[in-house]
Amino acid sequence: SESHNTDEKLEIILSFGKAVTVHHYCNSSNNTSDRKLLIVIDTNILMNHLKFVRILKTTEVPGFDKLVLIIPWVVMQELDRMKEGKLLKRAQHKAIPAVHFISDSLKNQDRKLWGQSIQLASQKHYGLSDENNDDRVLKCCLQHQELFPCSFVILCTDDRNLRNKGLISGVKSLSKEELSAELLHLSLNTDVCHQPCIPKQQLKAETTPLKESSKEESTNSGLSILLESIVSDLEKSLGTGLSSILETEMKIAFGNLWMEILYLKPPWTLLHLLQCFKKHWLAVFGLVMEKNLLLTIESLYKNLRKANKAVDFTTVKFLLQDSRSLLHAFSTRSNYDGILPQTFAQVNNLLQTFAEVKAKLKPNSSENTVTKKQEGTSLKNSRNQEITVFSSSHLPQPSRHQEIWSILESVWITIYQNSTDVFQRLGSNSALTTSNIASFEEAFICLQKLMAAVRDILEGIQRILAPNSNYQDVETLYNFLIKYEVNKNVKFTAQEVYDCVSQTEYREKLTIGCRQLVEMEYTMQQCNASVYMVAKNRGWCEDMLNYRI
């Protein structure tokens, strides 16, 4: 480094989530406007995670003036061959949207997406081979490090060996999942991200206005990335489960001719699978499943299309809940060679992740922003949980129904979160649990309370859903809310609850909720049976039905 006498040596903080001191050599023309985060996008990211790339392009990262996506020339060449079917015929449906995305960005002169020119790509650099596409991507990274010495370059690729090459060559290299996690960390912890290429005194002076101006935007960006990640994982896991169900049921119905009759041929996206389920419902699935399950499939399809355009809390919540209901319904027919239980477990894990994210980011979540005037719900995380709802007797009827439904939904969330803690503490790996419950005994007592509550709720819902139900049938559920002080600060009557659940929209949701509760009750009973003898030997098996959740 001492040989560079014409350059000024600057100590800058370029860590992505950590404070790391590195030395760059910036020309005198560089100034504070050069603070960019340059992310070089590999072909596999554009092909497999285009929705993530779209969100990434709109992301604001604390400590940087701008985030810019760099598309190497070789990536555009590979996409061109793939969209023509010259490399992988099955990759065409992924390559074409990626090409359109780049084309639209360049036509609109989007300053957040740059393409490496052929002139730059043809330059020799460190003796890297032009015949090796990985080296050509790496060369693009190294060139931009030199062209923008005061900016920070990241290579985003799911190719592990290319990441190894990048790290060896001094280029920070991350997979899609790693980049998602780092961006979310930065968005939620703006105080640990420092601005590059600025003296420390100036950095300190500018930190406060930076945080004030960008904290909300960066948090929303990080939230979008995380929600996209949940949807992406859901598409993979649910796609695996539904493809197994589709193939199995079509073979049962049509034998060796099933592929000829199939509405859409593989490879399938999740949207394709849902279209097949709808198309073959009358002839195949409707003969073996309940009629109202088609409503769940329609809801999944609608919300998945919505999520492909823009993700938000409400859409992701419905996607996860509908996915769980759909898998549970088919589990009563078969385990489909063991694939369905695995898929169900994966969706449950995503639901738990979603609940944790919602709890952590509740003040900033888009769902709360949209619905806080309608719902105004607040969950207190304690053993004696209460649900406080903002209400007004002068609300219009549709908002009144939404408010009442939010209470029932909050009861479900409360039970779900508490049951998760209980199952973790009573499980075989309780020593490694993250449960909030301190002891085995406390978990057992809480399980008895939860089982009693679920029985009461199910009794009320099942009476409401009966074909000949009337106003009196809603009182069982209403009395439950009174018994457990759920409606302590809520001013609504049993008649209003009945009016709400009489609406088609909420009646359908109540049907889905009933199935989820039946499944949860069964899981609780299994858990209780597995620990009963231990509890009995310790003298805990007494009547717990008078406890409140």
Side-chain angles (χ1 to χ4, degrees), residues 51 55 184 219-220 222-238 241 270-271 274 293 295-329 343-379 381 385 387 389 399 401-420 500 505-517 519-520:
K51 185 164 55 177
I55 293 174
L184 181 64
T219 300
N220 289 336
L223 180 59
S224 296
I225 290 171
L226 186 56
L227 291 178
E228 183 278 332
S229 179
I230 292 175
V231 173
S232 177
D233 289 344
L234 177 66
E235 288 184 281
K236 292 176 185 176
S237 57
L238 187 60
L270 183 53
L271 279 174
L274 293 172
L293 193 62
L295 296 174
T296 304
I297 293 173
E298 292 280 4
S299 176
L300 261 173
Y301 182 78
K302 179 184 71 174
N303 284 304
L304 186 59
R305 291 190 63 183
K306 184 178 178 182
N308 284 336
K309 297 178 181 178
V311 289
D312 58 72
F313 257 114
T314 303
T315 303
V316 175
K317 178 183 68 176
F318 286 146
L319 279 174
L320 291 170
Q321 291 177 345
D322 286 343
S323 298
R324 196 168 182 270
S325 298
L326 184 63
L327 293 171
H328 174 63
T343 304
F344 194 83
Q346 291 166 349
V347 172
N348 269 341
N349 289 337
L350 290 175
L351 266 165
Q352 184 173 350
T353 300
F354 177 79
E356 291 170 356
V357 171
K358 185 175 181 180
K360 184 175 181 181
L361 299 178
K362 190 172 183 181
N364 297 319
S365 70
S366 58
E367 182 187 30
N368 288 331
T369 301
V370 173
T371 63
K372 65 182 180 181
K373 291 184 180 179
Q374 297 175 346
E375 299 180 1
T377 58
S378 173
L379 250 81
N381 189 16
Q385 295 198 12
I387 300 173
V389 179
S399 296
H401 289 163
Q402 290 167 3
E403 183 188 43
I404 293 171
W405 178 258
S406 74
I407 298 167
L408 300 177
E409 191 174 61
S410 296
V411 171
W412 160 252
I413 293 173
T414 301
I415 293 174
Y416 176 79
Q417 290 176 337
N418 284 341
S419 63
T420 300
C500 173
E505 175 188 359
Y506 295 109
R507 198 170 183 83
E508 291 171 0
K509 290 182 178 181
L510 203 60
T511 302
I512 295 172
C514 184
R515 291 200 298 266
Q516 292 174 338
L517 282 170
E519 178 196 335
M520 176 166 284

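- Closest heavy-atom contact between Phe313 and Leu227: N-CD1, 3.9 Å.
- When all heavy atoms of Asn308 and Lys51 are compared, the closest pair comes out as OD1-NZ, 3.2 Å.
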Please lay out, stage by stage, how Gln321 and Ile512 fare under the test side-chain contact (heavy atoms from CB on, under 4.5 Å).
-> CA-CA 9 Å; Gln321 291 177 345; Ile512 295 172; 5.6 Å; no

Could you walk me through whether Leu304 and Leu300 pass the side-chain contact (heavy atoms from CB on, under 4.5 Å) check?
-> CA-CA 6 Å; Leu304 186 59; Leu300 261 173; 5.9 Å; no

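- Partners of Lys236 according to the side chain to side chain contact (heavy atoms under 4.5 Å, CB included) rule, which considers only residues two or more places apart in sequence or in another chain, are His49, Ser232.
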Could you give me the CA-CA distance, side-chain angles and deciding distance for Asp233 and Thr353, then say whether side-chain contact (heavy atoms from CB on, under 4.5 Å) is met?
-> CA-CA 11 Å; Asp233 289 344; Thr353 300; over 6 Å; no

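- Not counting sequence neighbours, the partners of Glu228 by the side-chain hydrogen bond (donor to acceptor under 3.5 Å, both in side chains) test are Lys176.
- Scored by the salt bridge (charged side-chain N to carboxylate O under 4.0 Å, His left out) test, Glu508 finds no partners at all (sequence neighbours excluded).
- Scanning for side-chain hydrogen bond (donor to acceptor under 3.5 Å, both in side chains) contacts around Asn349 gives an empty result, with sequence neighbours left out.
- Scanning for side chain to side chain contact (heavy atoms under 4.5 Å, CB included) contacts around Ser299 gives Asn303, Asp322, with sequence neighbours left out.
- Counting only heavy atoms from C-beta outward, the side chains of Ser323 and Leu350 never approach each other to under 4.5 Å.
- Smallest separation of non-hydrogen atoms from Met520 and Ser419: CE-OG, 3.5 Å.
- With a 6.0 Å radius and a threshold of 12 heavy atoms from other residues, nucleotides or ligands, Arg305 has its CZ atom at or below the threshold.
- Val311 and Ser224 get closest at one heavy-atom pair: CG2-O, 3.7 Å.
- In this structure, the separation between CG on Asp312 and NZ on Lys317 is 10.0 Å, given to the nearest 0.5 Å.
- Leu293 is linked by a side chain to side chain contact (heavy atoms under 4.5 Å, CB included) to Trp281, Met289, Thr296, Leu326, Ala329, Phe330, Arg515, counting only residues two or more places apart in sequence or in another chain.
- Closest of all the heavy-atom pairs between Thr343 and Ser237 is CG2-O, 3.1 Å.
- Contact annotation: the side chain of Ile230 approaches that of Leu320 to within less than 4.5 Å [non-hydrogen atoms, C-beta and beyond].
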Derivation of the side-chain contact (heavy atoms from CB on, under 4.5 Å) call for Phe318 and Lys306 | CA-CA 11 Å; Phe318 286 146; Lys306 184 178 178 182; over 6 Å; no

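- Going from atom CZ of Phe354 over to atom CG of Leu234 covers 11.5 Å, rounded to the nearest 0.5 Å.
- Side-chain contact between Tyr301 and Ile297 is absent, with no heavy atoms from C-beta onward closer than 4.5 Å.
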